[in-house]
Amino acid sequence: MLTFKELGLEDRLLTAITDMGFTKPSEIQEKAIPILLEKDKDLVALAQTGTGKTAAFGFPLLQKIDPAKKSVQGLILSPTRELCLQITQELALYGAHMPGINTVAVYGGASITDQASKLRKGAQIVVATPGRIKDMISRRLIDISSIRYCILDEADEMLNMGFLDDIKDILSNTPSERHTWLFSATMPKEVAQIAKQFMRKPDEITVGSKNTGSVNVNHEYYVVSGNNRYKALKRLADANPEIFSVIFCRTKRDTQRIAEKLIEDGYNAGALHGDLSQNQRDIVMKSFRNRQIQMLVATDVAARGIDVDDITHVINYQLPDETETYTHRSGRTGRAGKSGISMVIITKSEIRKIRSIERIIKKEFERKDIPGPEEICEIQLYHLSDKIRNTKIDKNIEPYLPAVNDVLEGIDREELIRKLVTVEFSRFASYYKDTDNLNASGDERVSGGNESVRYFINVGARDGYDWKTLKDFLRVQLNLERDEVFKVEVKDSFSFFSSEPSVKQQILDTFSEFKLDGRFINVEISEPTGRGGGGKKGKKGRKSRERFDGNQKFGHKGKRGKQSAKNKNKRKQR
Ligand code: ADP
Ligand code: MG
């Protein structure tokens with residue numbers, strides 16, 4: 001693994017890289033940067049979204065620009081206005097210590113004269129959408145005749161959006177000795193054709209395998225009957241209180257309708273589709289970026305510009321027609337080395353579509369059940385407890401405390417907690433009262449159905465587990481066969497899993513006094529009754545939960561705090 005310095009980057013860039021907190025190059029950066037710096041060749045680079053492609057071309061480009069010349073030397077074509085702005089902002093950060101280099105963004109939906117006047121002041125790098133720059137070329141508002149580098153970013157998206165002719169047109173207006181760097185997540189034949197027609201003996205590099213999804217994304221599907229789609233969506237949201245997601249619908253109408261229903265039902269949701277004005281879209285994206293919107297319902301076209309890190313879930317409310325679209329959707333999560341989940345809500349007749357997606361993305365989907373009311377209540381209550389524990393006390397409440405204390409006088413801690421939890425519990429319990437199992441009975445369930453036992457365990461995603469690694473951990477600790485633990489469901493700070501009843505005692509025994517890194521790992525039966533085999537949560541369970549709380553302090557909180565502080569910083573910079 002090379003360092004940024006070893007890749008050949010100059011000091012002024014290295015300083016900016018340190019400022020930004022990048023410690024080591026991503027794979028695509030490690031592969032692309034030396035080729036672009038040293039070999040001065042055309043390049044086709046294939047890598048999923050979120051792998052750091054902007055810096056892979058941005059660093060070498062900045063290093064190669066001559067700040068003394070005021071002419072346009074580098075042209076970056078990108079599919080949407082949002083991406084143009086994002087790239088421009090990133091380049092500003094990368095070039096923070098390189099005075100004299102100017103980058104201008106050129107895109108539709110904003111004043112062309114303003115953009116032209118910025119260009120006249122001298123810009124060595126232009127980041128443009130194909131439509132707008134073509135317009136500017138034909139109106140002679142920009143001169144790209146002395147361009148040395150042309151970068152096609154998200155080439156597959158640009159072609160998907162019908163920019164093929166524009167791109168050909170633009171490229172034919174640039175000098176033939178220019179170098180072309182093509183970056184793309186997938187390699188459909190249209191992209192290959194561009195490479196063939198407009199590039200000279202390009203080097204080709206690939207990170208991951210072509211046309212497959214990010215390695216950090218787990219794929220899940222849920223089979224429901226068509227009229228339960230919306231209910232299923234809500235339950236998935238309720239079972240993931242910290243969800244930060246994009247929900248894909250096929251039509252603008254569905255997108256608007258689902259978003260409105262979610263808002264009516266009290267979720268922090270918003271819609272993003274082509275019938276909104278640019279201004280409305282900007283407002284929605286801003287709220288999404290700062291997390292006021294937790295569930296962004298979007299069409300595929302509108303979502304193309306979404307380049308937000310930390311999205312936890314992509315939910316396919318309906319499956320897209322094209323598998324490639326699925327790859328793009330799921331690529332919205334699992335970015336920048338984080339893990340993500342792509343969920344698909346389907347009806348029984350669509351199961352075969354899942355199989356064909358699996359073949360193309362070369363990853364298996366996990367079939368899961370829409371969580372039932374008890375599970376959701378349980379998750380919500382743990383979430384509440386966690387939130388209470390981690391809430392910083394607001395000093396402004398001081399004046400009100402005496403009155404509140406008066407009212408609550410004489411209630412002891414135990415009882416107070418019970419009451420507090422009841423308040424929250426009743427909300428969900430009453431909503432879910434009399435609701436049924438949403439899962440369509442499937443043909444290919446593997447797990448033990450009614451016979452299984454469900455468990456709670458006090459480790460989760462925060463401790464670095466996903467369902468696969470937790471399943472592996474359990475299997476190793478318990479010395480079990482592959483299928484004896486199943487339905488492993490990892491939440492933020494805790495998880496659930498199921499087992500055959502035959503190994504119940506073994507599991508409880510193994511984890512009765514189990515310590516990992518000085519912390520008690522606690523397993524208890526989760527569901528009170530119902531699926532058979534499970535007894536009620538006994539006294540012992542409660543006691544050990546207290547012990548777990550006591551230990552939680554030096555668990556994982558530090559890491560998380562740092563993480564979110566870093567993200568906040570980053571957002572501020574943007
Ligand atoms: P892509 O264009 O491949 O979708 P981006 O260039 O938008 O990916 O990068 C995704 C995120 O990762 C951005 O927030 C970017 O700042 C960050 N990033 C890029 N390179 C690195 C690195 N070497 N170390 C840490 N973070 C990085
Ligand atoms: Mg990008």
Side-chain angles (χ1 to χ4, degrees), residues 1-7 9 13-34 36 43-62 76-96 105 127-129 151-158 160-161 181-186 205-208 212-217 246 289 303-311 314 327-340 562-564 566-574:
M1 178 62 86
L2 296 173
T3 61
F4 281 111
K5 194 180 169 70
E6 286 163 338
L7 295 181
L9 294 174
L13 279 167
L14 295 174
T15 315
I17 290 169
T18 312
D19 292 348
M20 289 184 297
F22 294 4
T23 49
K24 56 180 196 310
S26 69
E27 195 180 339
I28 190 76
Q29 291 161 3
E30 193 178 357
K31 287 183 171 165
I33 293 172
L36 298 178
L43 176 73
V44 172
L46 300 177
Q48 270 305 305
T49 50
T51 50
K53 293 193 286 297
T54 318
F57 62 76
F59 293 160
L61 181 66
L62 285 164
I76 301 165
L77 295 178
S78 145
T80 64
R81 165 198 157 111
E82 280 77 13
L83 285 171
C84 275
L85 289 170
Q86 202 127 30
I87 294 168
T88 311
Q89 283 158 6
E90 287 271 314
L91 290 180
L93 293 178
Y94 306 164
V127 189
T129 52
I151 293 132
L152 308 175
D153 189 28
E154 308 236 10
D156 53 352
E157 290 281 19
M158 287 198 284
N160 265 339
M161 291 172 77
W181 306 345
L182 184 153
F183 285 78
S184 188
T186 58
I205 55 180
T206 306
V207 167
T212 62
S214 157
V215 290
N216 297 327
V217 179
V246 185
R289 285 214 166 83
R304 278 192 177 129
I306 299 179
D307 218 356
V308 176
D309 295 340
D310 304 331
I311 289 172
V314 162
T327 311
H328 284 298
R329 286 182 176 186
S330 54
R332 299 294 152 211
T333 183
R335 295 169 56 81
K338 306 211 181 75
S339 64
K562 234 192 270 161
Q563 183 78 26
S564 58
K566 195 178 131 216
N567 287 337
K568 237 182 247 151
N569 265 339
K570 202 156 93 193
R571 265 198 298 280
K572 239 189 254 151
Q573 286 172 348
R574 289 188 165 215

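All ligand and atom numbering here is 1-based and tracks the order in the structure.
The closest donor-acceptor contact from the side chain of Glu30 to the backbone of Leu2 lies under 3.5 Å.
Counting heavy atoms under 4.0 Å from ligand 1, residue Gln48 touches it through the backbone alone. If you look at Lys24 next to ligand 1, the close heavy atoms, those under 4.0 Å, all belong to the backbone. When heavy-atom distances to ligand 1 are checked against a 4.0 Å cut-off, Ile28 has no atom that comes that close, whether in backbone or side chain.
Taking every heavy atom of Thr54 and a limit of under 4.0 angstrom, the matching atoms of ligand 1 come to 2 (O), 5 (P), 6 (O), 7 (O). The Glu90 neighbourhood of ligand 1 comprises atoms 16 (O), with distances under 4.0 Å to a heavy atom of that residue. Of all atoms in ligand 1, listed by their number and element, those nearer than 4.0 Å to a heavy atom of Ser26 are 23 (N).
The shortest N/O to N/O separation between Glu154 and ligand 1 does not fall below 3.5 Å. Residue-to-ligand polar distances place Gly52 within reach of ligand 1: an N/O pair is separated by less than 3.5 Å. The shortest N or O to N or O distance between Phe4 and ligand 1 is not under 3.5 Å. Residue contacts with ligand 1: Thr51 is placed with a nitrogen or oxygen under 3.5 Å of a nitrogen or oxygen of the ligand (distance criterion only). For Thr23, no nitrogen or oxygen atom sits less than 3.5 Å from a nitrogen or oxygen atom of ligand 1, counting backbone and side chain alike.
At least one heavy atom of Gly50 sits closer than 4.0 Å to an atom of ligand 1.
For Thr3, the side-chain contact (heavy atoms from CB on, under 4.5 Å) partners at least two apart in sequence or on another chain are Lys5, Glu6.
Looking only at side-chain heavy atoms (C-beta outward), Phe59 and Leu7 stay at 4.5 Å or farther from each other. The side-chain heavy atoms of Lys31 and Thr206, taken from C-beta on, include no pair separated by under 4.5 Å. Residues Glu157 and Leu83 are not in side-chain contact: their nearest non-hydrogen atoms beyond the backbone lie 4.5 Å or more apart. A heavy-atom distance below 4.5 Å is found between the side chains of Phe183 and Leu43. Trp181 has its side chain within reach of Leu61: a pair of non-hydrogen atoms, C-beta onward, lies under 4.5 Å apart.
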task: Tell me, with the steps shown, if His328 and Asp156 meet side-chain contact (heavy atoms from CB on, under 4.5 Å).
output: CA-CA 10 Å; His328 284 298; Asp156 53 352; 3.2 Å; yes
